[in-house]
Trainee: 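Following this message is one structure expressed as structure tokens.
Values below: all heavy atoms of this structure, side chains included; hydrogens, waters and symmetry mates excluded. Everything numeric here is computed off the predicted structure, so don't read it as measured data. A note on names: the letters A, B, ... follow the listed sequences, proteins ahead of strands, and every chain is numbered from 1.
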There are 2 protein chains.
Amino acid sequence: MARTREFDLDAAVDAAMDVFRSKGYEGTSMRDLSEATGLGSGSIYAAFGSKDGLYLAVLDLYRQRYATPMVDLLRSGNDARAVIREVFIGTVDDITGDGRHLSCLIVGASMERAHQDVRVAERLRSTTQSLELALYDLLAEAQLRGQITTDRSATDLAGFLVTSLQGLRVMGAINPDRAALTRYAEVALTCLD
Amino acid sequence: MARTREFDLDAAVDAAMDVFRSKGYEGTSMRDLSEATGLGSGSIYAAFGSKDGLYLAVLDLYRQRYATPMVDLLRSGNDARAVIREVFIGTVDDITGDGRHLSCLIVGASMERAHQDVRVAERLRSTTQSLELALYDLLAEAQLRGQITTDRSATDLAGFLVTSLQGLRVMGAINPDRAALTRYAEVALTCLD
DNA sequence: CGCTATCTGGAACGATCGTCAAAGTATCGC
DNA sequence: GCGATACTTTGACGATCGTTCCAGATAGCG
């Protein structure tokens, strides 16, 4: 019928993600995105419609790549304390992983885009809620087994843990000190005692 | 000698702060700042040199207005638990205070500007460090008096509390639910037990 | 009351913004 | 191999960006 698309859509979104993470939404120009993806601006507009459209695609990929595995890990059926610690350590690793200063797209979007674009706000709420819910199920079960404190509701504990994860992202952006962030995470985990 | 400056510099910085808080750095144009301050662009450039210069002035005012009083409160000599709770409640109030969606300049700057402008990064580190230090002094004293746990060092506890405050800012931007944020803050405070 | 130094607002600068139309190119069914 | 179709590239669009400059306004000094 016609000419087939030559580039990999997912790879383009992937490349765009790095740019948005390091420069933010407003700080990123379509020319930046053209260079990073290797596509002409026409191709980008054909595939995503607009800069906003590409940003939303990036946000969805980010959620799929980082949030979903986290939820899966929490629902893997392993020991509650162990998997939660793993999630925290994984987050610290992600923050201090390389020197490329790629800040968290979720936190960045919360600050820069949530108040401007309702579709971004919806995605952010959905992401944090699914994370909170996975934590809730895990914590409620652990409470029944007497493995963690029952002084606080599983709902509050889950929300607190997500809050701590977001806080680590911010602190990591200010000072990417892996050892310090790890210790802060350890303190957060003591709230389960 | 000559004509005197007609406008109040601090008032201009104040007005500019609201714009930066609601639109971010890149999302704010000089025209936005002109309208908000009521100044011509010439006056702004004469007073601050550049958009960056005005942003730094805004950041300094923000630190002076929010961080400094917080540190003063922590050093007021009152009961550790009480003042720390007061700081957390004050932060939640600030987040959910009005419907104007003014996000925290510190967190916003961490995400959007810290990696681009070294002067911003320095100010952010200085602000969090002075906050951590005030908390450290307060917590170390409380530990000596046996008022809080000694399972964790005062350094780690202080860093954790600042992390939690930053996390509350992010969560508040995603979902400004005062009751929920308050409960998350309460959980964070249980780490002192 | 001029003179002059400084401040003020706004016009105008080149550069870059997000967007899109048009031309060129490659692929498929026939 | 040819027409039809869809993708890619290019460059230019008007708007807006941060910045600068300039003419007019205003205050203190002699």
Side-chain angles (χ1 to χ4, degrees), chain A residues 1-59 105 108-109 112-113 115-120, chain B residues 1-59 105 108-109 112-113 115-120:
Chain A
M1 286 279 280
R3 181 175 176 180
T4 57
R5 174 171 281 146
E6 286 182 358
F7 64 94
D8 180 2
L9 259 182
D10 287 340
V13 178
D14 201 6
M17 186 164 74
D18 278 7
V19 185
F20 279 127
R21 286 184 70 179
S22 69
K23 296 188 158 194
Y25 177 79
E26 295 284 359
T28 299
S29 71
M30 288 304 294
R31 277 160 188 79
D32 293 331
L33 296 169
S34 274
E35 289 176 17
T37 60
L39 301 178
S41 52
S43 301
I44 296 181
Y45 275 86
F48 303 103
S50 67
K51 184 184 175 184
D52 290 81
L54 176 52
Y55 186 76
L56 289 176
V58 166
L59 200 53
L105 204 64
E112 197 182 356
R113 298 295 300 159
H115 301 331
Q116 324 274 345
D117 188 335
V118 64
R119 293 168 300 174
V120 171
Chain B
M1 286 281 281
R3 180 177 177 180
T4 56
R5 173 172 283 147
E6 287 182 359
F7 65 93
D8 181 0
L9 260 182
D10 287 339
V13 177
D14 201 6
M17 187 164 75
D18 278 6
V19 185
F20 279 126
R21 286 185 69 179
S22 69
K23 296 187 158 196
Y25 176 80
E26 296 282 0
T28 299
S29 71
M30 288 305 295
R31 279 164 186 77
D32 293 331
L33 296 169
S34 274
E35 289 177 17
T37 59
L39 302 178
S41 50
S43 301
I44 296 181
Y45 276 86
F48 303 102
S50 67
K51 184 183 175 184
D52 289 82
L54 177 52
Y55 186 77
L56 289 176
V58 166
L59 199 54
L105 204 64
E112 197 182 357
R113 297 297 298 160
H115 301 330
Q116 323 275 343
D117 188 334
V118 63
R119 293 167 302 175
V120 171

Trainee: Yes or no on side chain to side chain contact (heavy atoms under 4.5 Å, CB included) for Phe48(B) and Leu56(B), after CA distance, side-chain angles and deciding distance?
Mentor: CA-CA 9 Å; Phe48(B) 303 102; Leu56(B) 289 176; over 6 Å; no
Trainee: Does Ser43(B) have a side-chain nitrogen or oxygen under 4.0 Å from the phosphate oxygens OP1 or OP2 of dC7(C)?
Mentor: no
Trainee: Whole angstroms only, please: what is the CD1-P distance between Ile44(A) and dC7(D)?
Mentor: 15 Å
Trainee: Go through residues 20-34 of chain A and report each residue with a non-hydrogen atom lying under 4.0 Å from DNA chain C, sorted by number.
Mentor: Thr28(A), Ser29(A), Met30(A), Arg31(A)
Trainee: How do Ser41(B) and Ser50(A) order along DNA chain C: which one's closest nucleotide is nearer the 5' end?
Mentor: Ser41(B)
Trainee: Roughly how far, to the nearest 0.5 Å, is OH of Tyr55(A) from CZ of Arg119(A)?
Mentor: 11.5 Å
Trainee: Would you give the length of the straight line joining atom CG of Asp32(A) to atom CG of Asp18(A), rounded to the nearest 0.5 angstrom?
Mentor: 12.5 Å
Trainee: If the threshold is 4.0 Å, N to carboxylate O, is there a salt bridge linking Asp52(B) and Arg113(B)?
Mentor: yes
Trainee: Phe48(A) has an atom CZ; how far is it from atom P of dC7(D), in whole Å?
Mentor: 13 Å
Trainee: Kindly give the heavy-atom pair with the smallest separation between Ala12(B) and Thr37(B), and that separation in Å.
Mentor: O-CG2, 3.4 Å
Trainee: Give the rounded distance in Å between these two atoms: NZ of Lys51(B) and P of dG18(D).
Mentor: 4 Å
Trainee: Arg31(B): which residues meet the side-chain contact (heavy atoms from CB on, under 4.5 Å) condition with it, sequence neighbours left out?
Mentor: Ser29(B)
Trainee: Mind grabbing the angle between the end helix axes of the helix from dC1(C)-dG30(D) to dC30(C)-dG1(D)? Five pairs an end, 10° rounding.
Mentor: 0°
Trainee: Find the distance Glu35(B):CD to dG18(D):P and express it as a whole number of Å.
Mentor: 13 Å
Trainee: Find out whether the Lys NZ or Arg CZ of Lys51(B) is both under 6.0 angstrom from the six-membered ring centre of Tyr25(B) and within 45° of the ring's axis.
Mentor: yes
Trainee: Closest approach of Gly40(A) and Ser34(A), non-hydrogen atoms and distance?
Mentor: C-OG, 4.0 Å
Trainee: Please tell me if Tyr45(A) has a side-chain N or O lying less than 4.0 Å from either OP1 or OP2 of dT19(C).
Mentor: yes
